[in-house]
There are 4 protein chains.
Amino acid sequence: MSKKQDIMAATLDLIHEEGLQSVTFAKLFKRASVGAGTIYNYFANKEELVNAVYREARKLMGEFLLMNYDPGASLYERFKRLQLNRLEFGIRHPKEFLFIDSFSFSPYISPELRDAGDPNASSEVVLALIVEGQKQGVVKEMDSHLCHQLMHGIISSILKGYYVQKYPLSEVQIQQVLEASWKAVLV
Amino acid sequence: MSKKQDIMAATLDLIHEEGLQSVTFAKLFKRASVGAGTIYNYFANKEELVNAVYREARKLMGEFLLMNYDPGASLYERFKRLQLNRLEFGIRHPKEFLFIDSFSFSPYISPELRDAGDPNASSEVVLALIVEGQKQGVVKEMDSHLCHQLMHGIISSILKGYYVQKYPLSEVQIQQVLEASWKAVLV
Amino acid sequence: MSKKQDIMAATLDLIHEEGLQSVTFAKLFKRASVGAGTIYNYFANKEELVNAVYREARKLMGEFLLMNYDPGASLYERFKRLQLNRLEFGIRHPKEFLFIDSFSFSPYISPELRDAGDPNASSEVVLALIVEGQKQGVVKEMDSHLCHQLMHGIISSILKGYYVQKYPLSEVQIQQVLEASWKAVLV
Amino acid sequence: MSKKQDIMAATLDLIHEEGLQSVTFAKLFKRASVGAGTIYNYFANKEELVNAVYREARKLMGEFLLMNYDPGASLYERFKRLQLNRLEFGIRHPKEFLFIDSFSFSPYISPELRDAGDPNASSEVVLALIVEGQKQGVVKEMDSHLCHQLMHGIISSILKGYYVQKYPLSEVQIQQVLEASWKAVLV
DNA sequence: GATGAATGAGGATTCATTCAT
DNA sequence: CATGAATGAATCCTCATTCAT
């Protein structure tokens with residue numbers, strides 16, 4: 001792995017373990033096994049580093065969300081696919097998911113970056129699906145961004161309970177969650 | 001108001017405005033209009049202060065959630081009351097709500113504190129209601145904690161949209177949200 | 001005991017246990033069981049308090065040094081009496097002895113106080129004895145203050161070894177020390 | 001000189017000039033001409049710094065005590081060599097000598113450090129000499145540690161007089177002191 | 001590019017002292 | 001006289017950043 005990747009991975013690890021609060025460069029250098037000055041070859045300062053980590057995590061999630069997404073499937077199937085991918089991303093990439101969730105509304109992440117979406121345009125796919133569902137009279141009339149947030153918020157909330165081991169998330173529970181999130185947006 | 005309450009209120013304000021990242025003692029003392037040493041009469045250090053603010057916010061939310069809760073009312077009425085209270089807490093106490101939401105799963109809050117619940121045992125009331133609904137065959141069979149988290153997640157995402165997008169949450173919209181969350185957990 | 005004495009006793013205790021370095025007023029108030037402002041009824045500030053404790057310790061040692069001192073006894077007997085009293089003072093009042101020893105050359109004690117001697121004029125008695133011995137051709141010719149310091153220095157050194165339990169100080173050892181200190185000043 | 005040595009030298013200077021009481025980091029950094037954070041590359045905190053200075057002073061004294069010590073010389077010659085070295089160390093290194101003397105029995109220096117001795121084992125050499133002298137019937141029978149402390153106490157008090165009263169300690173006076181300390185431990 | 005010793009502005013914390021009760 | 005909450009200047013300490021190697 002390159003030095004740059006080492007640094008970014010160490011950053012994400014430390015944020016997950018101790019919170020951004022206590023991520024100091026000293027800890028970072030030790031964890032990433034690089035010299036103190038090396039980081040400045042790649043990132044102008046701490047904020048840029050964190051933003052880069054955020055950008056990469058968003059990119060990873062964006063790719064994950066559209067995995068096996070079949071544009072030709074039914075509305076219901078597509079909705080469930082998106083929500084399933086969202087949930088599985090959280091299960092397989094807890095560090096990335098929590099980081100995104102925590103900092104999406106934090107002043108530490110530059111607003112342009114937060115709203116930038118991802119190169120895969122997964123947001124656009126979700127929004128289009130919502131609008132399509134509303135046109136068909138299946139999905140409740142509401143701001144499409146709000147609906148998107150509702151979809152994300154439900155999954156997010158479920159994942160947080162899972163992370164602190166309130167309950168398992170096996171096949172049965174996953175299906176229940178997908179069903180519930182679908183019902184929540186129906187007319 | 002006592003100095004202690006001044007300090008805690010100023011802390012919550014600053015976290016809300018600028019994020020925990022940038023809450024320095026200098027800002028805190030100025031905002032709370034107290035001397036630099038005063039805080040140490042009440043809190044051993046910054047972390048204890050933040051934890052105390054968290055504890056108080058949780059207590060406030062716990063009390064709010066059970067306001068006007070009538071154990072003799074119908075299942076549906078009780079469900080709506082709990083969800084209404086949750087929503088109204090978020091509307092009336094946005095700083096407390098966001099703070100709780102952001103830090104409940106952050107390493108900055110000690111896990112014991114997160115799991116402590118509130119003295120009013122509002123969680124237990126919610127869980128009992130879910131179990132009761134499942135016995136009656138009305139609420140879908142699933143882990144009660146999972147269901148609880150679903151209820152919270154829906155309200156939470158609606159609130160975040162409300163905070164950011166500044167759309168109104170008047171009587172009509174509130175009723176829609178309560179209905180939607182009810183449908184999400186039905187069989 | 002009066003509050004003033006409580007405070008002075010607590011000060012001496014804490015200096016002995018932790019060093020002047022770490023004697024804070026907070027610890028002092030707790031140990032002496034008095035309110036934070038009480039001290040200022042008796043002492044203008046911390047330095048005056050420490051100086052008062054020093055003055056009292058010096059007074060106590062001064063009185064002790066002349067106990068059972070018989071002006072009519074032989075030069076040798078009087079010398080041994082003074083040295084014995086010095087040694088026994090150190091054995092019975094370690095806190096006072098170490099405090100005096102440590103701060104006699106410290107800038108923390110005002111120079112006037114250090115040179116003030118004690119009301120019993122024990123210093124004058126010792127100095128007169130030395131001069132008398134030198135006139136008789138028994139005691140080595142040297143500055144009488146230097147000789148006084150030699151007498152004190154030997155006892156002090158022995159006591160410090162005793163305090164850290166390098167050896168016991170029972171009757172036999174005490175006599176050996178007195179003899180050695182006598183021989184050290186003989187012609 | 002290295003930064004570390006600069007810092008330690010400045011620390012010793014300041015302790016000598018103003019007492020440990022008033023050695024603040026601000027003074028230290030200015031005196032040592034280093035940045036405020038540099039010290040923390042070498043010492044975890046102020047106490048460790050002072051202990052390190054103590055350790056080094058003890059090491060220096062230990063080496064000095066055994067300079068030109070000839071194990072083949074006569075008992076008397078060896079005794080005088082040890083006492084001469086002790087005295088000359090005090091004359092040439094007054095800061096180190098006074099620092100050791102003041103803090104060896106202070107709670108600020110950890111007891112382990114005080115008892116650690118020096119790597120050159122100068123204490124052991126002195127103790128062995130005493131025991132040898134006692135076997136030959138020359139040195140008075142007493143606890144060897146007590147005798148060692150006597151030897152040190154005499155030199156120490158002479159030095160303190162020298163420091164304060166500024167009388168000279170030239171060849172003649174030095175020989176008198178050595179003779180006096182020798183007589184003090186004879187049978 | 002990589003390093004890590006050095007930096008010093010800035011933040012956390014202490015503690016002697018005051019003063020209203 | 002006695003109290004102890006409040007104070008804020010002084011102090012300790014941290015940590016992002018620089019730069020010579």
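A note on names: the letters A, B, ... follow the listed sequences, proteins ahead of strands, and every chain is numbered from 1.
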Is the side chain of Thr38(C) donor-acceptor paired with the backbone N or O of Val34(C) at a distance under 3.5 Å, no angle test? no
Give a yes/no on whether any side-chain N or O of Thr38(A) is located under 4.0 angstrom from OP1 or OP2 of dT3(E). yes
Lys3(A) has its side chain closest, among dT3(E), dT3(F), dT18(F), to dT3(E)
Nucleotide dA12(E), atom C1' - distance to CD of Glu48(B) in whole Å: 14 Å
Establish, with yes or no, whether the OP1 or OP2 oxygen of dA5(F) is under 4.0 angstrom from a side-chain nitrogen or oxygen of Tyr40(B). no
Is Tyr54(B) reaching over with its side chain to a backbone N or O of Arg114(B), donor-acceptor style, under 3.5 angstrom? no
So Lys27(D) and Arg31(D), do their side chains get closer than 4.5 Å, heavy atoms only? no
Donor-acceptor contact below 3.5 Å, side chain Lys3(C) vs main chain Ala32(C): no
Within the pair Lys4(D) and dA5(E), is there a side-chain N or O less than 4.0 Å away from OP1 or OP2? no
Please give, in whole Å, the distance from dG11(E) P to Gln21(A) CD? 13 Å
Output the single nucleotide from dT13(E), dC12(F), dT17(E) whose closest atom is nearest the side chain of Phe25(D). dC12(F)
Send over the distance from Glu18(C) CD to dT14(E) P, rounded to a whole Å. 15 Å
Can you label the angle between the Tyr40(C) ring and the Phe25(C) ring as parallel, tilted or perpendicular, going by 30° and 60°? tilted
Taking atom C1' of dA6(E) as reference, at what distance in whole Å does atom CZ of Phe29(D) sit? 12 Å
Within the 4.0 Å heavy-atom criterion, would you say Phe43(A) contacts the bases, only the backbone, or no part of the nucleic acid? nothing
Taking side chain as C-beta onward, heavy atoms only, is Phe64(C) less than 4.5 Å from Arg92(C)? yes
Distance-only, no hydrogens or angles: does the Asn51(C) side chain make a donor-acceptor pair with backbone N or O of Glu47(C) under 3.5 Å? yes
Rounded to whole Å, CG of Asp6(A) lies from C1' of dT3(E) at a distance of 15 Å
Of Ala44(C) and Ile39(D), whose closest DNA chain E nucleotide lies nearer the 5' terminus? Ile39(D)
Picking from dC1(F), dA9(F), dT18(F), which would you name as closest to the side chain of Ala36(A)? dT18(F)
By nearest heavy atom, map Glu47(C) and Gly37(A) onto DNA chain E; which one lands nearer the 5' end? Gly37(A)
Length of the line joining Asn45(D):CG and dA12(E):C1', which is rounded to integer Å: 16 Å
When rounded to whole Å, the NZ to C1' distance for the pair Lys30(A) and dT3(E) reads 17 Å
Please compare Thr24(A) and Val34(C) by the position of their nearest nucleotide in DNA chain F and report the one closer to 5'. Val34(C)
Verify the contact: side-chain N or O of Lys46(D) to OP1 or OP2 of dT11(F), cut-off strictly under 4.0 Å; return yes or no. no
Dot-bracket for DNA chain F, 5' to 3', with Watson-Crick and G-U pairs under 3.5 Å, [ ] for crossing pairs and | for other-strand pairs: what is it? .||||||||||||||||||||
Measure CG/Leu28(C) against P/dC15(E) and give the value in whole Å, please. 13 Å
Determine whether the aromatic ring centres of residues His152(A) and Phe97(A) are separated by less than 6.0 angstrom. yes
Considering just the side-chain nitrogens and oxygens of Asn41(B), establish if one lies under 4.0 Å of OP1 or OP2 belonging to dA5(F). no
Find which nucleotide of DNA chain F each of Val23(D) and Tyr42(C) is nearest to by heavy atoms, and output the residue with the more 5' nucleotide. Tyr42(C)
